[in-house]
Amino acid sequence: MNVVTLPMYDLPELRWATSTLLDYVVEHLANAGWPTRPVFGEFTDHASLVRHWRDSETALSHACGLPYIEALAADVQVLGTFRWSAVSDGNGWYRSVLVVRRDDPRTIADLANAQPVINNPESLSGWCSLGAALAEVGYESGDFPAPVISGAHRQSLAMVSGGAGDFAAIDGATFRLFERHRPEAVAAVRIVGLGPEVPATPLITRTQTPIPLDAVRACVVAAIGDALASGACEALGIEGFVPLNNHDYASLVGLVEKAEGVLPRHGASTH
């Protein structure tokens with residue numbers, strides 16, 4: 001049977017909320033004529049997520065904008081994005097937050113030669129937004145050591161907090177969830193800047209669906225609006241859904257070019 005997943009913000013302490021929302025998405029899809037089942041995938045790395053997003057059995061999932069434009073666009077289509085409380089604007093766009101250690105007095109303009117940390121070189125929020133933000137300040141290639149790859153936003157925060165790196169970009173929704181549910185993870189950092197406005201992490205479906213695309217979108221809207229799912233959505237920081245399409249992510253191509261000009265991906269190394 002076709003599966004539905006929400007892997008992007010699946011914190012263990014919020015598994016109950018993710019599970020609840022998944023159940024309602026699946027229920028509304030079934031009522032609309034598309035039987036599916038919820039799945040919690042233990043995705044060990046970026047490659048396993050990409051394989052899942054491309055899988056013919058994946059009916060609906062939550063992806064990252066950069067893998068969408070670089071690896072998925074031919075195989076999936078965008079439904080839209082969640083609107084994140086205190087993070088997204090009304091159009092479903094948001095920003096990464098750039099962080100340094102709390103006791104680091106530098107501004108973003110003072111970071112030349114500091115050590116950048118990225119969660120993944122295929123991450124819109126953790127690599128592309130960081131490189132593009134640095135380019136906007138006027139930095140160029142050679143102004144920083146090669147980025148260190150942490151493997152996850154929580155690890156980027158830990159590395160900056162512990163001194164293994166000097167600064168990082170964290171997905172805005174992730175940072176908000178950590179503030180609410182893992183305050184110790186962000187206690188030792190402070191926000192020093194913001195990444196560019198980008199469409200938030202997309203909900204995707206396959207290119208051919210057994211019900212109309214607008215009906216799939218309506219199922220997501222209905223699941224979020226279900227009174228019985230309100231507690232789960234509040235815990236996850238989801239306050240709505242914004243329909244988007246494939247073209248809304250086209251602007252990311254230019255940001256990738258900017259990011260590559262300051263933080264080339266080929267030089268990044270694991271910590």
Side-chain angles (χ1 to χ4, degrees), residues 4-10 14 17-18 20-29 32 34 36 53 58-70 72-73 76-97 123-126 128-129 132 153 169-177 179-180 194-207 209 211-255:
V4 177
T5 64
L6 294 173
M8 293 300 289
Y9 302 94
D10 185 22
L14 291 173
T18 304
T20 298
L21 182 55
L22 273 174
D23 286 342
Y24 283 100
V25 171
V26 166
E27 178 181 325
H28 286 284
L29 283 172
W34 193 0
T36 61
W53 290 327
T58 301
L60 188 152
S61 190
H62 199 182
C64 175
L66 188 54
Y68 167 73
I69 65 167
E70 293 190 327
L72 302 174
V76 305
Q77 56 186 334
V78 172
L79 291 168
T81 185
F82 292 127
R83 189 171 69 250
W84 301 98
S85 177
V87 175
S88 302
D89 66 15
N91 297 316
W93 289 50
Y94 74 164
R95 299 175 184 264
S96 292
V97 296
S123 171
L124 173 60
S125 56
C128 183
S129 288
H153 283 305
I170 310 298
D171 174 269
T174 298
F175 194 84
R176 175 67 172 155
L177 286 173
E179 283 185 316
R180 295 181 63 191
L194 299 172
E197 285 189 325
V198 295
T201 45
L203 292 177
I204 58 171
T205 188
R206 62 184 56 167
T207 54
T209 56
I211 61 176
L213 194 62
D214 282 344
V216 182
R217 291 187 174 110
C219 290
V220 176
V221 172
I224 294 171
D226 197 306
L228 295 177
S230 61
C233 289
E234 194 281 330
L236 291 166
I238 296 171
E239 62 179 13
F241 173 80
V242 180
L244 297 175
N245 58 48
N246 300 13
H247 299 296
D248 288 306
Y249 290 81
S251 62
L252 302 183
V253 174
L255 290 182

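Taking CG of Leu6 as the reference point, atom CG of Leu60 lies at 7.0 Å (rounded to 0.5 Å). Rounded to the nearest 0.5 angstrom, Gln77 CD and Thr209 OG1 are separated by 6.0 Å. With rounding to the nearest 0.5 angstrom, the SG atom of Cys233 is 5.5 Å from the CD1 atom of Ile238. Atom-to-atom distance recorded for Leu228:CG and Glu27:CD is 8.5 Å, nearest 0.5 angstrom. To the nearest 0.5 Å, the span separating CD on Glu197 from OG on Ser96 amounts to 12.0 Å. Taking CG of Leu21 as the reference point, atom CG of Leu14 lies at 11.5 Å (rounded to 0.5 Å).
In this structure, the side chain to side chain contact (heavy atoms under 4.5 Å, CB included) partners of Ala132, at least two apart in sequence or on a different chain, are Pro196, Leu255, Lys258. With sequence neighbours left out, the side chain to side chain contact (heavy atoms under 4.5 Å, CB included) criterion links Ala232 to Trp16, Ala17, Thr20. A search for side chain to side chain contact (heavy atoms under 4.5 Å, CB included) contacts involving Val97 returns Val99, Ile170, Phe175, Ile191, Leu194, not counting sequence neighbours. Taking the ring-ring contact (aromatic ring centres under 6.0 Å, His included) definition, one finds that Tyr68 meets it with Tyr249, sequence neighbours left out. Under the rule for a ring-ring contact (aromatic ring centres under 6.0 Å, His included), the partners of Tyr9 that lie at least two apart in sequence or sit in another chain are His62, Trp84. Applying the side chain to side chain donor-acceptor pair (under 3.5 Å) test to Thr5 and every residue at least two apart in sequence or in another chain returns His52, Ser61. Under the side chain to side chain donor-acceptor pair (under 3.5 Å) criterion, Ser129 pairs with no residue at all, not counting sequence neighbours. Residues forming a side chain to side chain donor-acceptor pair (under 3.5 Å) with Arg176 (at least two apart in sequence, or on another chain): none. Listed by chain and residue number, nothing satisfies the salt bridge (Lys or Arg N to Asp or Glu O under 4.0 Å) test with Asp226 (two or more places apart in sequence, or in another chain). The side chain to side chain donor-acceptor pair (under 3.5 Å) test applied to Thr18 returns no partner, not counting sequence neighbours.
Nearest approach of Val26 to Thr36, heavy atoms of both residues: CG1-O, 3.2 Å. Residues Pro199 and Asp248 share a closest heavy-atom pair of CG-O, 3.6 Å. Of all heavy-atom pairs between Leu66 and Leu124, the closest is CB-N, 3.7 Å. The minimum heavy-atom distance linking Tyr94 with Gly172 is given by the pair CE1-N, 4.2 Å. Shortest non-hydrogen contact noted between Ala229 and Tyr24 is CB-CD1, 3.8 Å. Residues Leu72 and Ala63 come closest through the heavy atom pair CD1-CB, 4.3 Å.
Proximity of Ser88 to Trp93: side-chain heavy atoms (C-beta onward) are nowhere separated by under 4.5 Å. Under the 4.5 Å side-chain criterion, counting only non-hydrogen atoms from C-beta, Leu203 is in contact with Val220.
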Should Arg206 and Thr58 be marked as a side-chain contact (heavy atoms from CB on, under 4.5 Å) after you check the CA-CA gap, both sets of side-chain angles, and the distance that decides it?
CA-CA 7 Å; Arg206 62 184 56 167; Thr58 301; 5.7 Å; no
Val87/Arg95 under side-chain contact (heavy atoms from CB on, under 4.5 Å): CA gap, chis, key distance, verdict
CA-CA 8 Å; Val87 175; Arg95 299 175 184 264; over 6 Å; no
Output, in order, the C-alpha distance, side-chain angles, deciding distance and verdict of side-chain contact (heavy atoms from CB on, under 4.5 Å) for Thr201 and Phe82.
CA-CA 8 Å; Thr201 45; Phe82 292 127; 6.0 Å; no
Test side-chain contact (heavy atoms from CB on, under 4.5 Å) applied to Thr81 and Phe241, step by step:
CA-CA 6 Å; Thr81 185; Phe241 173 80; 5.9 Å; no
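Identified under the salt bridge (Lys or Arg N to Asp or Glu O under 4.0 Å) test for residues 229-242, with sequence neighbours left out: Arg83-Glu239, Arg180-Glu234.
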Per-pair distances, 0.1 Å, donor-acceptor, side chain in residues 212-219, under 3.5 Å, sequence neighbours excluded:
| from | atom 1 | to | atom 2 | distance (Å) |
| --- | --- | --- | --- | --- |
| Asp214 | OD1 | Arg217 | NH1 | 3.0 |
| Arg217 | NE | Leu79 | O | 2.6 |
| Arg217 | NH2 | Val78 | O | 3.3 |
| Arg217 | NH2 | Leu244 | O | 3.0 |

